[in-house]
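Note sheet for the following structure.
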Amino acid sequence: MRIDAATLFPAAFDYLRLSVTGEALRLGVLDLHVHDIRDFALDRNKKVDDAPYGGGAGMLMAPGPVARALDHIRTVGPRGTAPHAVLLTPRGARLDQARLEALARRSWLVLLCARYEGMDERLHASRFVDEELSIGDYVLAGGDLAALVVVEGVARLLPGVLGNAESPVQESFHGGLLEYPQYTRPEEFEGGRVPRLLLSGHQGRIDRWRRAMAVKITYRRRPDLLAGAELTPEEKERLVRWRERDGGED
Ligand code: SAM
């Protein structure tokens with residue numbers, strides 16, 4: 001997968017040399033190109049922002065340098081392919097695991113990071129932007145951290161990046177459930193013991209326990225996820241019983 005990021009802070013992307021994303025880069029599974037939007041300013045001072053029409057606090061990113069940066073990226077990417085361009089903005093659709101999985105199936109992503117009070121509106125709904133994504137209902141100072149979240153979330157889904165090919169399949173949000181509890185040595189820690197079943201070596205029973213715990217934890221902590229979860233008829237019945245017991249509507 002190729003990812004191009006357009007930003008005012010290229011150094012922020014150095015983080016991606018670490019750990020899982022670093023491994024994806026070393027393996028060549030991920031090909032990352034970072035572009036400084038300031039390089040596409042035309043004036044001597046490399047100005048990329050301007051005051052908003054109609055007044056108001058702060059400055060906006062001017063459309064010209066950003067548009068030139070994105071046009072440049074299209075010329076240096078793979079021939080005959082169009083990138084999927086993502087603008088990071090609090091106004092975007094909320095990023096979740098399903099969206100990361102969809103992005104990981106693309107061959108070429110462009111991530112557009114704003115600063116100041118954001119982008120001129122004409123960049124939002126434009127030929128430059130295919131999708132607007134938010135990493136949560138809060139406001140950061142810039143889109144760089146949001147883009148790093150996207151790159152890391154996508155990179156660990158790429159084939160060969162995680163040692164154990166199973167691990168993205170078993171963890172939280174896959175299939176609409178949170179992950180079951182996990183333990184490592186020692187068997188006893190500050191009075192807490194590892195559940196006996198996990199020491200039994202009986203893989204079938206362990207798998208069933210993990211599945212039941214995943215359903216239970218999701219019910220307790222994120223019941224909103226259960227509407228989209230893949231549940232067996234027995235699990236659905238169990239949920240009905242729990243909701244009755246807890247005074248729910250079912
Ligand atoms: N004035 C904008 C608003 O109210 O929606 C916020 C601008 S914010 C200070 C500057 C930039 O940081 C945004 O344009 C966006 O690129 C990025 N950003 C901030 N919070 C974000 C979030 N939750 N998700 C994605 N990008 C975010």
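Order of listing sets the numbers, starting from 1, for every ligand and every atom in it. Counting from 1, the numbers follow the sequence of the chain as shown.
The protein heavy atom nearest to atom 15 (C) of ligand 1 is L88 O, 3.1 Å. What sits closest to atom 23 (N) of ligand 1 on the protein, heavy atoms only, is Y138 O, 2.8 Å. Of all protein heavy atoms, the one closest to atom 10 (C) of ligand 1 is Y116 O, 3.2 Å. Among protein heavy atoms, the minimum distance from atom 24 (N) of ligand 1 is reached at I135 N, 3.0 Å. Scanning all protein heavy atoms for the shortest distance to atom 2 (C) of ligand 1 gives E117 O, 3.6 Å. Looking only at heavy atoms of the protein, atom 27 (C) of ligand 1 is closest to P90 CD, 3.7 Å. Annotation: atom 6 (C) of ligand 1 to nearest protein heavy atom, V139 CG1, 3.9 Å.
Look at D144 and R115 and you find a salt bridge, because one of the NZ, NE, NH1 or NH2 atoms lies within 4.0 Å of a carboxylate O, short of that distance. The existence of a salt bridge linking D14 and R17 is confirmed by a sub-4.0 Å separation between a basic side-chain nitrogen and an acidic carboxylate oxygen.
A 4.5 Å side-chain heavy-atom check between V150 and V86 finds every atom pair outside the cut-off. Residues V240 and E237 are not in side-chain contact: their nearest non-hydrogen atoms beyond the backbone lie 4.5 Å or more apart. No side-chain heavy atom of V20 sits less than 4.5 Å from a side-chain heavy atom of E23. Side-chain atoms of D96 and E101, non-hydrogen and from C-beta on, never get closer than 4.5 Å to each other.
Within the 3.5 Å criterion, the main-chain N or O of E179 finds a donor-acceptor partner in the side chain of S172.
Of all the atoms in ligand 1, the ones that sit under 4.0 Å from a non-hydrogen atom of G142 are 11 (C), 12 (O), 17 (C), 18 (N). In summary, the atoms of ligand 1 found under 4.0 Å from a heavy atom of G143, numbered by their order in the structure, are 12 (O), 16 (O), 17 (C). Less than 4.0 angstrom separates some heavy atom of A146 from each of these atoms of ligand 1: 25 (C), 26 (N).
Distance check for atom 4 (O) of ligand 1: every protein heavy atom is found at 4.0 Å or beyond.
Considering backbone and side-chain N/O of G136, one or more are found under 3.5 Å from N/O of ligand 1. Residue-to-ligand polar distances place A114 within reach of ligand 1: an N/O pair is separated by less than 3.5 Å.
Under the 4.5 Å side-chain heavy-atom criterion for ILVMFWY residues, no single connected hydrophobic cluster contains both L88 and M59.
The nearest non-hydrogen atom to atom 9 (C) of ligand 1, considering only L60, L87, L145, L140, comes from L140.
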Evaluate the side-chain contact (heavy atoms from CB on, under 4.5 Å) criterion for residues I3 and H33: first the C-alpha distance (whole Å), next the side-chain angles of each, then the deciding distance (0.1 Å), finally the verdict. CA-CA 6 Å; I3 299 183; H33 300 261; over 6 Å; no

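With a 4.0 Å heavy-atom cut-off, ligand 1 is reached by the backbone of S134 and by its side chain too.
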